[in-house]
Amino acid sequence: MAGATLGDLAGAVGAELPRDLRRAKGLVGQLLEAYLGASAGSRALPDFPELAIELKSLPLDRSGKPLESTFVCSIPIADMAAVEWTSSRVRRKLSRVLWVPVEAEPALALAQRRFGQALLWSPSPEEEQALAEDWLELAGYIGRGQVEALTGHRGRFLQVRPKAAHGRARRLAFDADGAPIAAMPRGFYLRPSFTRAIIERHYALPR
DNA sequence: TTGTGATCATCT
DNA sequence: AGATGATCACAA
């Protein structure tokens with residue numbers, strides 16, 4: 001796919017491209033899934049279950065820097081106290097990722113945005129250690145009933161942010177006293193600084 | 001309704 | 001500009 005455009009892939013899978021992504025935020029990822037034959041749909045499985053590979057598009061600006069954070073997974077808030085890093089969704093999701101860079105300058109028409117060379121990646125021991133540290137801190141808050149005190153400011157590379165269909169969405173959670181509360185659904189996200197480091201380590205960037 | 005695909009919109 | 005919090009579409 002390297003060098004192919006969004007328009008090329010849309011043509012190959014018989015999809016129409018909208019004018020912009022405002023009402024099609026996941027379009028690039030869904031185009032990739034269709035083109036590559038990812039089979040997991042919206043189930044809580046890797047995109048390629050037989051290969052244990054997660055597929056992630058990575059929107060870059062003209063200098064090769066990620067323009068957005070990367071959604072990793074939703075958070076089972078009520079169960080967080082019982083989860084360990086080793087068996088966490090974050091670790092599973094990030095254990096093997098096919099990153100697909102894609103041009104994402106807002107000024108560049110969708111059909112003309114090009115894909116870069118994909119990268120099959122697994123975290124290095126250092127990266128895994130850093131992610132585990134963040135996860136431990138963030139999961140710790142949630143497990144101790146502090147989910148409402150968690151903002152996107154916490155976490156060096158991994159962060160917790162709202163992840164919902166709309167502002168009224170709520171999930172079961174527990175406060176510090178163990179009493180049930182209705183909390184905003186949250187997800188784990190990778191900060192751009194983390195994906196930027198991946199890009200810098202594995203690609204020769206334009207200057 | 002929930003999880004997956006993410007980017008948008010707004011504030012600092 | 002960069003980051004956080006909010007939001008949009010679709011499948012099951």
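In this text, all values refer to a predicted model and were calculated from it rather than measured experimentally. Chain identifiers are assigned alphabetically (A, B, ...) following the order of the sequence lines, protein sequences preceding nucleic acid strands; residue numbering begins at 1 within each chain.
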Starting the side chain at C-beta, find the nucleotide from [options] nearest to [X].
X      : options             : result
A:K56  : B:dC8, B:dA6, C:dA3 : B:dA6
A:E68  : B:dA6, C:dA3, B:dT7 : B:dT7
A:P162 : B:dA6, C:dT4, C:dA6 : C:dA6

Roughly how many Å is it from CZ in A:F194 to C1' in C:dA3, rounded to a whole number? 18 Å
Rounded to whole angstroms, how far apart are CG on A:L190 and P on C:dA3? 14 Å
Measure the spacing between CZ of A:F188 and CG of A:L94 and express it to the nearest 0.5 Å. 10.5 Å
Confirm from the modelled atom types if A:Y189 and C:dA3 form a donor-acceptor pair under 3.5 Å, side chain to base only. no
Quiz item: A:K65 side-chain donor-acceptor pair to C:dG2 base, under 3.5 Å: no
Looking for any heavy atom pair under 4.0 Å, which part of the strands does [X] touch: base, sugar-phosphate only, or nothing?
X      : answer
A:R161 : base
A:G26  : base
A:P59  : sugar-phosphate
A:A165 : base
A:S69  : base

Sidechain N-carboxylate O distance under 4.0 Å for A:E148, A:R186: yes
Side-chain ion pair, A:R113 and A:E105, N-O less than 4.0 Å: no
Aromatic A:Y141 / basic A:R144 pairing, under 6.0 angstrom, 45° off normal: yes
So, is [X] near the phosphate of [N], with a side-chain N or O under 4.0 Å from OP1 or OP2?
X      : N     : result
A:Q159 : C:dT4 : yes
A:R171 : B:dG3 : yes
A:S74  : B:dT2 : no
A:R191 : C:dT4 : yes

With no hydrogens and no angle check, is any side-chain donor or acceptor of A:S57 less than 3.5 Å from a backbone partner on A:V100? no
